[in-house]
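Worth saying up front: this structure is predicted, and the values here are computed from it rather than measured.
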2 protein chains.
Amino acid sequence: MTSERNEPPARAGRRPTMVDVARLAGVSLKTVSRVVNGEPHVQRAMADRVLAAVAELGFQRNHMASALRAGRASATIGLVIEELTNPFYSTIAHVTAEMARDRDTLLLSASSEEDPVREEQLLRDLCSRRVDGLLVVPAGCDHSFLNSQVEMGIPVVFLDRPGTNIEADAVLLDNRGGARSGVRRLVADGHRRIGVLLDSVDVHTMRERLAGAQDALADAGIGYDGALVRGGVRDPATAATAVADMLTQPDPPTAFLALNNRITVGAVQELWRRGSDAGLVGFDDFELSHLMPRPLTVIGYDTRELARRATQLLFARIDGDRSRPRTVVLPTELLERGLTPARTPR
Amino acid sequence: MTSERNEPPARAGRRPTMVDVARLAGVSLKTVSRVVNGEPHVQRAMADRVLAAVAELGFQRNHMASALRAGRASATIGLVIEELTNPFYSTIAHVTAEMARDRDTLLLSASSEEDPVREEQLLRDLCSRRVDGLLVVPAGCDHSFLNSQVEMGIPVVFLDRPGTNIEADAVLLDNRGGARSGVRRLVADGHRRIGVLLDSVDVHTMRERLAGAQDALADAGIGYDGALVRGGVRDPATAATAVADMLTQPDPPTAFLALNNRITVGAVQELWRRGSDAGLVGFDDFELSHLMPRPLTVIGYDTRELARRATQLLFARIDGDRSRPRTVVLPTELLERGLTPARTPR
DNA sequence: CGAACCTTGGACAACGTTGTCATACTCTCC
DNA sequence: GGAGAGTATGACAACGTTGTCCAAGGTTCG
């Protein structure tokens, strides 16, 4: 196209900058900036020349430089979750990314792997990249270091669990109520000895769910039996072991409450393997739950709504909402699908 | 702590910069930079003063400014997939994020939703943020616009499907061989009429898998019957419909090959619902496949390895590997789990 | 015909950081 | 004791962009 030029091609693998475009088009730097950003007050002919140069050089604005200069937002939000592989978290990531896209914002996501140290590192790293806001499913037990970040303009919204030592928005589930209604159902089916399988009481949601289960037992006048609560169940395999172990004890449980979906899967597997007819209610629905070898009753909730509300809240903050931090609690729902083969239905 | 100071606090919600730190510590800007970056040649006492000032102000280096000035990498890689909710993709995202973390690199991930236009937008956006590299599960049919990016230093690695009109690394699965072995199995079990359910032939993987199925049929001397191939199956619901429809045709299939996991789920569901004993082999393993109402034979592969290889390749490129683009094909494996209730086993 | 305006374009500084270079000082060794 | 090497610190420019301001030229209107 442009056959003659007196300056050297100038692009030794280097990326073209606005200066290069300006030189090629024979206009000033600022004019290029105006054209690239669609600002008014540039003559058509001049704009065309600039655009031609942009096209020829393959120029692309450097987002970092732009954001730096303009003191503008980085059009990025940070998401810190436990691990992306879990459908619960990937759904959150997906919903958030989708909503972010409508604002030309991208998602910088990272997994804490439930490690508080790592969580803090990640959060600090995200802040140093000047994300516009943070969405966090907290693993750590102290988020006070985020206070200054919030003050300096990086809002934080917690998801699924509240943050600690920080006043910030949170969108949570009614874990306690959910577990309570699950156990209530088992009790109504005649179960009196209900094994509870949970990950760790260090996790807020687990504590809440356990408390809900105990609420229901207390409601039914059933005393607490420590032997029926099994913690440290991290994955399907340990869940299966725990179930097997509890069933072979004297006076075994006749039903189980699995406090998350990984545990539920392990429990189903083990009960199925041994042909046991013990009752089972699981917290968290999961995609194929209705196709399990035995239909399952689960305590479900709307993960997408959880993410949606949190993201909305975050964007409101990013847009300058300075009202007091809010905590939103979303309901759970008992999805009865056959299950809990009532031992002694009465 | 520091009780007196003559300059104003200076932080009207503004973030402290190195200049602020330098002023407070009474040293030069460059000295702060040295301390913050752990460069040598700073006296202990001076470094301590700087660190104290950093702590007091809550200073945090601006990653964007730093990367800009140093012309350095942004310590970010871009991942474009179809949709994060699918376990296949979330596993990829997870593995990649994990490997990136070892290099203090974060993952900027985005879903193309199989929309080529959107894919291109996302890729351009990622490039304008100067990611260090791109990992792409391509949806589009022309990636020539990435050529200049590669030339200018943003390497691209394609995952699961090759890019089009671009010479770049790719890590793929042996889709054709996998489908072939799946159908071979069904044929060995005595099936002659095998229904094939696929998404769209516009997708590279689907074409390959279909071709593999046809290979196996040809090997067995079974003629091609267009009525047995059903495209446009996008999700479990349409898969169920397709199965139902095909089973009620005259001379129905006695077995099905589902060309991805969403389709497999729908097919299982429908076969189960009707109590059909038709054979079934699904492409893609999925977590609970062994817990399905009827055990399933699936064509599996190592998704983590796929992601691992691709990420390795990408980092090698980022580190300056200028060798010819490579294409890696990973094997699939037929995971026989009961299934394909041999109609006429012989 | 000149004042007042609008349009268009450019020069320059600034965003927050780091690389380059210069300076002042200390130490070593012949 | 002076050359040479090394250490500690700072001044300044630069990364690629955008905001501010000014100037040149054109148009309108009294």
Side-chain angles (χ1 to χ4, degrees), chain A residues 10-51 53-54 57-75 127-130 152-153, chain B residues 10-51 53-54 57-75 127-131 152-154:
Chain A
R11 40 142 90 186
R14 245 185 70 261
R15 259 176 196 286
T17 72
M18 284 196 179
V19 177
D20 300 322
V21 174
R23 241 201 311 265
L24 177 56
V27 302
S28 89
L29 178 56
K30 180 65 199 185
T31 301
V32 176
S33 170
R34 276 197 267 259
V35 172
V36 168
N37 292 299
E39 286 173 34
H41 306 312
V42 180
Q43 275 188 347
R44 191 54 181 271
M46 185 112 341
D48 288 345
R49 254 182 29 229
V50 171
L51 289 176
V54 164
L57 293 179
F59 167 80
Q60 215 174 2
R61 191 175 62 169
N62 184 328
H63 182 91
M64 292 193 305
S66 166
L68 172 62
R69 165 62 234 232
R72 196 194 301 139
S74 60
C127 288
S128 103
R129 284 161 200 255
R130 301 295 187 268
M152 293 189 295
Chain B
R11 39 141 91 185
R14 244 188 70 261
R15 258 175 197 287
T17 72
M18 283 194 179
V19 176
D20 301 321
V21 174
R23 242 201 310 266
L24 177 57
V27 301
S28 87
L29 176 56
K30 181 63 201 186
T31 299
V32 175
S33 170
R34 275 197 268 259
V35 172
V36 168
N37 291 299
E39 286 174 33
H41 306 311
V42 180
Q43 273 189 346
R44 192 52 182 272
M46 185 113 341
D48 288 344
R49 262 196 6 242
V50 171
L51 289 175
V54 164
L57 294 178
F59 167 79
Q60 218 176 359
R61 193 175 61 169
N62 184 326
H63 182 92
M64 291 192 306
S66 166
L68 172 61
R69 165 62 233 229
R72 196 194 301 141
S74 61
C127 288
S128 101
R129 284 160 199 254
R130 301 295 187 268
V131 293
M152 292 189 297
I154 300 188

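Each of D/dT18, C/dT8, C/dT17 was ranked by its minimum atom distance to the side chain of B/Phe59; first place goes to C/dT17.
One atom, CZ of A/Arg23, and another, P of D/dG16, lie 11 Å apart when rounded to the nearest Å. Per the geometry, CE belonging to B/Met18 stands 15 Å off C1' belonging to D/dC15, to the nearest Å. Atom CD in B/Glu39 sits about 8 Å away from atom C1' in C/dT18, given to the nearest Å. The separation between B/Leu29 atom CG and C/dA22 atom P is 19 Å, rounded to whole Å. Atom CZ of B/Arg130 is separated from atom P of D/dG16 by 9 Å (rounded to the nearest Å). For the pair B/Asn62 CG and D/dT17 P, the computed distance is 17 Å after rounding to whole Å. Between A/Arg44 atom CZ and C/dG9 atom C1' the separation is 18 Å, expressed in whole Å. Between the NE2 atom of B/His41 and the C1' atom of C/dT23 there is a distance of 15 Å, rounded to whole Å.
Neither side chain, B/Ser74 nor B/Arg129, offers a donor N or O lying under 3.5 Å from an acceptor on the other.
With hydrogens and angles ignored, no donor-acceptor pair under 3.5 angstrom links the side chain of A/Arg69 to the base of D/dT17. B/Arg34 contributes a side-chain N or O that forms a donor-acceptor pair with the base of D/dG10 under 3.5 Å.
Between A/Asn37 and the phosphate of D/dT18, there is a side-chain N or O to OP1/OP2 separation shorter than 4.0 Å.
Within the nucleic acid shown, B/Val36 has no heavy atom closer than 4.0 Å to any nucleic acid atom. A/Thr31 comes within contact range of the sugar-phosphate backbone alone, with a heavy-atom separation under 4.0 Å but no base atom that close. Backbone-only engagement by A/Met46 is indicated by non-hydrogen atom pairs under 4.0 Å involving sugar-phosphate atoms exclusively.
Shortest non-hydrogen contact noted between B/Ala47 and B/Val35 is CA-CG2, 3.9 Å.
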